[in-house]
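Down below is the structure, laid out as structure tokens.
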Amino acid sequence: MNLHESEKIAGMLESEGYEKAESQSEADIIVFNTCCIRENAEDRAEGNIGALKKLKKTNKNLIIAVGGCMTQQNGYAEKLYKEFPFIDIIFGTHNLDGFRSLLSKRIDRNKSVIDVWDKEGDIREDTPKCRSSYPNAWINIVYGCNNFCTYCIVPYVRGRERSRKTEDIVNECKKVISEGYKEITLLGQNVNSYGHDLGTSDFSSLLKEINKIEGKFRLRFMTNHPKDFNEELIKTMSECEKICKSVHLPVQSGSNRILKLMNRHYSREDYFDKVSLLRKYIPDIAITTDIMVGFPGETEEDFLDTMDLVKRIKFAGAFTFIYSKRSGTPAAKMEPQVDPEISKERIMKLISVQDSVNRSYSKSYNGKTIEILCEGYDDKKNKYLGRDVFGRMAYFDCKENLIGQFVNVRISKTGGISLLGEKE
Ligand code: SF4
């Protein structure tokens, strides 16, 4: 999501005649698009902003702008400006599309501009984008979130759900396909609730419309919410040939008590049922997930429930992380907060279980030929790379540049989560 918003900021700057600088010292403008989902992301951003003080002293014309969900937090912009008065522009998530006018205001007045809106702005369809992830194109379908999971800051900094019109999304998909993009990833905090506010469409209908677009391309989407992930969607996934056979379905915890405290609105049994249904319609579907340990009040028994769920479901991949206290969320006031040492022990155990699942899943690829979409070149490994329809990354040697092409690769070696092979 943040990456795509950075593409919008770059697109707006490009439309004003700016070009990408090779280094910070050559830049006329530096924009930080920040994230506040976890505390360490916030600390890192502040460290990076502080490090620019020297550069600003040597280059008085340099413009430093800071936006994103960190600055959208209540009272944060003022606090940030007090700490770093050399910042030229501070904006929030709700007025990101208006960045160009803030920039001209700053240039005209020659003084800092702090403009963070309390309310969501209208959806703007005219914001230019400078896409940076060819052959994949990120496309937002819904902004904001209505769910208020108790650990999450997103609804406070991104506002309520607002869906783009189906017609606008389909037109954008057609445009990127005609430009040569081979994969589309639809984005939203909860893509499954797409269209609820429109009343004229829903996520399954949108997928069917996009699937009708001619040409060979892959369709992915993220993120899903288990409570809204329904049979109609699963059926649609099984019927639309362009939709990849992978789905990211964040479970967060395997304990019913913790899921309730998290305000997730599903139980572990519901989650098992959705996974069974998915595997009934699409037997080889690759399911990935997010799992948190150390949520306030998590006992050893709760953690063992999570471990049990992970062992039984056998995820194709999992993002595991330790709960990060975000002030302003209900969970920040919950007691007892889990001892960080216990959280560390738990995450190590979790990673070790998931690692062995990853390895055996990778092993099942040995000797197989898979079609991958070549998406880049890894300078360290000196190999091209790309993913198959299940989202598995494969590396291979090749003398010609195949980025953006579908390539058959025969897998000869497997490791943790990545695969190694030869082009056929
Ligand atoms: S659904 Fe996702 S974005 Fe929304 S509150 Fe829950 S975790 Fe945050």
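Sequential numbering from 1 along the given sequence is applied to the chain's residues. Quantities reported herein were computed from a predicted structural model and do not represent experimental measurements. When a ligand or atom number is given, it counts from 1 through the structure's own listing order. Because only heavy atoms are used, hydrogens play no part in the values below, and waters and symmetry mates are left out as well, while side chains stay in.
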Residues in contact with ligand 1, criterion: heavy atom under 4.0 Å: Cys145, Asn147, Phe148, Cys149, Tyr151, Cys152, Val154, Pro155, Gln189, His225, Arg264

Flag if over 12 foreign heavy atoms under 6.0 Å of CD, Glu300: yes

Atom CZ of Phe319: over 12 foreign heavy atoms under 6.0 Å: no

Main-chain N/O of Pro250 paired to Tyr271 side chain as donor or acceptor, under 3.5 Å: no

Heavy-atom donor-acceptor pair, Thr288 side chain to Gly317 backbone, under 3.5 Å: no

Enclosure of Glu301 CD (heavy-atom neighbours >12, cutoff 6.0 Å): no

Partners passing side chain to side chain donor-acceptor pair (under 3.5 Å) against Tyr281 (at least two apart in sequence or in another chain): Glu231

